[in-house]
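Order of the sequence lines fixes the chain letters, A, B, ..., with proteins taken first and strands second; residue numbering starts at 1 for each chain.
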There are 2 protein chains.
Amino acid sequence: MTATDAQRGPVTSEPTPPTQLGASDLLTVPFAGAPIFTRTRALRPTSKVLPEHARSHNRALVLQTLYTAGAQSRADVARETGLTRVTVSDLVAELIVEGLVAELGQREDARPGKPATLIDIARGAFQIVGIDLSEHEVFRGAVMNLDGRIVARAELARDGATGEAAYALVDALVAQLLAAATITVLGIGVGSPGVVDPVGVVRSAPNLGWSDLPLQARLTGATSLPVHVANDANVAVLAEHGATDLDDVLLIKIGHGVGAGLIVGGRPVIGGGFAAGEIGHVVVGTDGGPRCACGRDGCLEAWISAPRLTAQLAELDGTDAAGASAREEILREAGRRLGIVLAPVVGALNLSEVVLSGPAELLDGVFHEAAVDTLRKRTMAEINRDLRLRMSEQAQDIVLRGAAVMVLSGQLGVS
Amino acid sequence: MTATDAQRGPVTSEPTPPTQLGASDLLTVPFAGAPIFTRTRALRPTSKVLPEHARSHNRALVLQTLYTAGAQSRADVARETGLTRVTVSDLVAELIVEGLVAELGQREDARPGKPATLIDIARGAFQIVGIDLSEHEVFRGAVMNLDGRIVARAELARDGATGEAAYALVDALVAQLLAAATITVLGIGVGSPGVVDPVGVVRSAPNLGWSDLPLQARLTGATSLPVHVANDANVAVLAEHGATDLDDVLLIKIGHGVGAGLIVGGRPVIGGGFAAGEIGHVVVGTDGGPRCACGRDGCLEAWISAPRLTAQLAELDGTDAAGASAREEILREAGRRLGIVLAPVVGALNLSEVVLSGPAELLDGVFHEAAVDTLRKRTMAEINRDLRLRMSEQAQDIVLRGAAVMVLSGQLGVS
DNA sequence: TTTGTTCGTAAGGTTTACTAACAAACGTGA
DNA sequence: TCACGTTTGTTAGTAAACCTTACGAACAAA
């Protein structure tokens with residue numbers, strides 16, 4: 001309904017209950033002062049939209065349709081997108097010229113009518129390079145095809161390198177992978193620890209000794225390829241999002257540190273200071289806890305980081321029943337602590353999907369159970385009834401896969 | 001950069017560090033299995049965009065520019081939006097025909113060139129009706145002008161009405177306010193407690209005895225006006241967002257219950273089950289707490305709801321120093337509990353602005369201080385350094401004002 | 001009076017996606 | 001076998017939206 005339709009129609013039917021209930025207090029306030037809504041961003045648009053923007057949107061729509069549904073005819077795409085066959089043909093012609101889409105020959109099955117010419121994204125024409133800098137001891141990378149399958153891997157031991165030396169390792173790793181790629185590389189995706197801004201500057205990554213390192217710009221300069229850089233957990237959640245189809249996902253990444261990646265309403269959450277997901281140093285509970293490297297007691301990272309858990313388990317010497325029980329207790333308490341931190345987040349965002357990523361031998365078992373249990377006990381059952389907390393199925397390649405999604409999204413989707 | 005530019009250029013300059021560091025492990029993985037990314041929503045577009053959509057977007061852009069910056073010339077709007085003077089003139093002509101924009105005569109100040117014709121949103125041509133159902137004892141409403149100033153108020157005592165009787169009260173209140181409006185009403189905004197879905201069905205509001213009540217549809221039927229309904233806290237945060245200009249805001253609304261409204265990346269968060277912000281029954285801390293109506297111990301609502309705090313304070317009889325101290329302790333502990341719940345949310349979302357809304361006599365003081373203090377102590381200072389936790393300045397009209405923003409956004413902005 | 005500036009509008013062009021129409025190619029059934 | 005209907009993809013023309021270019025009107029300053 002447009003605003004011109006807005007007329008203060010006479011209150012039609014509804015029988016206005018006379019005075020049976022409640023005192024009515026109708027008073028008029030004098031007109032005074034300045035406007036109260038100084039800036040109303042609720043009226044959302046912030047920049048103009050031209051017809052060409054609409055076209056690139058529709059172009060990405062066609063690509064997405066092909067990507068998710070696979071090979072099909074132009075007419076199929078038209079039906080699925082709502083665009084006309086003419087428009088789809090036009091867009092597809094453009095995409096074929098650019099090499100992003102290819103014709104696959106005629107459809108085989110027997111149907112009335114002119115046989116359809118199948119088209120699909122040129123899956124065999126591009127590869128993606130993904131880099132995972134989140135591990136403490138090693139930088140890992142892979143060449144992937146457009147479907148996210150890993151074609152080649154490479155890794156370089158970090159040996160404690162920081163600063164420029166660490167960057168040199170990244171550069172070398174990228175060079176190795178580009179050499180290993182067999183066809184055109186669509187782009188490079190990097191998941192880095194620390195705080196990364198939207199233009200790919202690593203604002204702060206203490207473990208790597210990086211601050212304000214323009215990682216994306218430097219890699220673009222070195223390779224002349226599109227490069228996308230983001231926080232490792234924020235990258236990882238893209239992989240889960242690609243696999244799950246849900247609009248809201250929280251991924252908890254437990255390794256040397258503890259971080260989170262968050263997608264809300266289908267969009268990655270960046271955070272005002274580009275530090276969304278940095279929950280490792282949130283204090284858990286009201287009863288103290290282990291001393292954290294940051295100086296406080298009871299940080300989430302001090303409770304559940306992989307090194308911490310491993311060290312705690314190593315302190316147990318007995319392998320008898322008592323040892324097993326103590327081991328379980330350590331993991332159960334850690335899982336419980338995670339649940340305690342997650343409860344307010346899950347409640348506030350009404351999340352339906354929380355994913356756990358990290359060493360399965362630590363997390364997939366008692367830890368997981370305790371986290372689920374705690375989360376259920378601490379959130380409202382009726383509201384979060386279809387909440388799932390599950391282990392990631394992507395194992396240790398989650399950042400690499402997420403990096404591929406990031407490149408796909410950045411290079412083929414709308415920015 | 002388009003994908004056609006993506007070429008695997010030879011790794012150019014960067015001196016590849018020879019073999020000084022790390023073993024390189026490059027292996028090839030056989031091609032096998034199905035695509036891994038079954039659905040990649042990261043390629044975002046989900047529906048086609050036609051030129052007319054672009055136009056309505058630009059139309060809203062012009063309206064927003066006028067709304068926020070006030071009366072100005074067409075040329076000014078063109079400069080600010082990036083559209084050409086021609087296009088702006090065209091859009092403005094359309095808006096003038098619809099009555100949404102009006103010419104105000106020529107600009108007064110002396111400048112070279114042809115004097116500008118000032119235009120502005122027709123602020124005097126429309127009013128908005130807002131309804132606040134969040135209070136326990138009374139349904140409140142107001143007629144507002146487009147700037148959010150309240151022109152007339154009305155309220156009806158609830159007297160415990162639930163179900164259909166409660167709806168009848170809402171209907172009567174709306175009718176009263178429509179009668180009090182002096183000009184065309186742009187639309188009606190309603191903030192209701194409970195879980196409200198995007199089409200304005202109150203899925204569940206236990207206090208009002210509503211479940212699956214199609215409030216928006218029924219009010220539209222009764223008034224023939226555009227109606228927008230949302231959860232009270234989600235409505236309230238719109239008012240703060242309108243006033244602050246930040247892209248991320250969390251509003252905590254403390255009254256008979258405790259709820260939150262959340263805007264992330266400039267967009268309201270709804271939640272998978274439409275229950276985002278329902279944090280009243282998240283358990284706080286690891287040391288028990290007061291018994292909650294929901295049956296558990298230590299829910300946030302049991303700690304900090306207004307009735308609970310009032311009751312606790314009433315139990316203190318002494319007005320001497322010891323009494324004042326006890327009173328402070330109660331409020332301090334409540335504020336601390338709020339800080340404990342907020343820390344994980346603030347950390348995960350990297351929020352920069354948290355706003356407190358509720359009875360100032362309870363919240364604005366020790367409670368507030370304790371919440372700020374706790375929040376700072378429990379989140380990472382370096383990351384959340386520009387975090388603000390402040391009292392709302394909108395007092396008890398926050399839901400009404402938010403309802404006005406909701407109507408403005410829905411009727412004049414892009415949907 | 002002249003010059004330069006600014007505003008708003010008019011005319012014409014480009015891009016975009018639409019509708020309408022059609023040829024090609026196929027199955028179906030008389 | 002052959003007319004008929006169906007489906008595909010393309011061609012041609014149209015409508016919408018925004019752009020560039022150009023121009024008259026109205027003003028300040030020299």
Next on the checklist: Between B:Gln127 and B:Thr182, is there a side-chain donor-acceptor contact under 3.5 Å, judged purely by atom types and distance?
Outcome noted: yes
Checklist entry - So among A:Thr65, A:Leu104, A:Asp120, which one has a side chain to side chain contact (heavy atoms under 4.5 Å, CB included) with A:Gln72? => result A:Thr65
Item to check | Atom pair distance, as rounded to whole Å: CD in B:Glu103 and P in C:dG8 | outcome: 8 Å
Item to check | No-H, no-angle donor-acceptor pair, A:Arg85 side chain to D:dG9 base, under 3.5 Å | outcome: yes
Checklist outcome for this item: Regarding the side chain of A:Arg55, the nearest nucleotide among C:dT6, C:dT16, D:dA22 is C:dT16
Checklist entry - Any side-chain N or O of B:Asn58 under 4.0 Å from OP1/OP2 of D:dA17? => result no
Checklist outcome for this item: Its dot-bracket string being built from Watson-Crick and G-U pairs below 3.5 Å, with | for another strand and [ ] for crossing, DNA chain C has the pattern ||||||||||||||||||||||||||||||
Checklist entry - Can you tell me how far P of C:dT14 sits from CD of A:Glu52, to the nearest Å? => result 15 Å
Next on the checklist: Taking side chain to side chain contact (heavy atoms under 4.5 Å, CB included) as the criterion, tell me which of A:Val62, A:Leu66, A:Thr68 meets it with A:Gln64.
Outcome noted: A:Thr68
Checklist entry - Quick one: B:Gln106 CD to D:dA25 P, roughly how many Å, whole number? => result 15 Å
Checklist entry - Does a salt bridge link A:Asp90 with A:Arg74, judged by any charged N lying under 4.0 Å from a carboxylate O? => result no
Checklist entry - Closer than 4.0 Å, any side-chain N/O of B:Thr84 to the OP1 or OP2 of D:dC19? => result yes
Next on the checklist: Regarding A:Val88, tell me which of base, sugar-phosphate or nothing describes its non-hydrogen contacts under 4.0 Å with the strands shown.
Outcome noted: nothing
Checklist entry - A:Arg107 CZ to D:dT6 P: how many Å, rounded? => result 18 Å
Checklist entry - Could A:Arg59 and A:Glu52 be called an ion pair, given the rule that one side-chain N must be under 4.0 Å from one carboxylate O? => result no
Next on the checklist: Tell me whether the side-chain N/O atoms of A:Thr117 come closer than 4.0 Å to OP1 or OP2 in D:dT8.
Outcome noted: no
Checklist entry - What's the CD-P distance between B:Gln72 and C:dG8, to the nearest Å? => result 11 Å
Checklist entry - Taking only side-chain nitrogens and oxygens of B:Lys48, does any of them come within less than 4.0 Å of OP1 or OP2 of C:dC18? => result yes
Checklist entry - Does OP1 or OP2 of C:dG8 have a side-chain N or O of B:Ser89 closer than 4.0 Å? => result no
Item to check | Donor-acceptor pair between B:Asp76 and B:Ser73 side chains, under 3.5 angstrom | outcome: yes
Item to check | Gap between atoms NZ and C1', on A:Lys114 and D:dT10 respectively (whole Å) | outcome: 7 Å
Item to check | Side-chain N or O of B:Thr87 closer than 4.0 Å to phosphate OP1/OP2 of D:dC19 | outcome: yes
Next on the checklist: Over all strands shown, is B:Arg79 touching base, sugar-phosphate only, or nothing at heavy-atom distances under 4.0 angstrom?
Outcome noted: sugar-phosphate
Checklist entry - Expressed in angstrom and rounded to an integer, what is the separation of A:His53 atom NE2 from D:dA17 atom C1'? => result 14 Å
Item to check | Closest nucleotide among C:dA20, D:dC19, C:dC7 to the B:Ala116 side chain | outcome: C:dC7
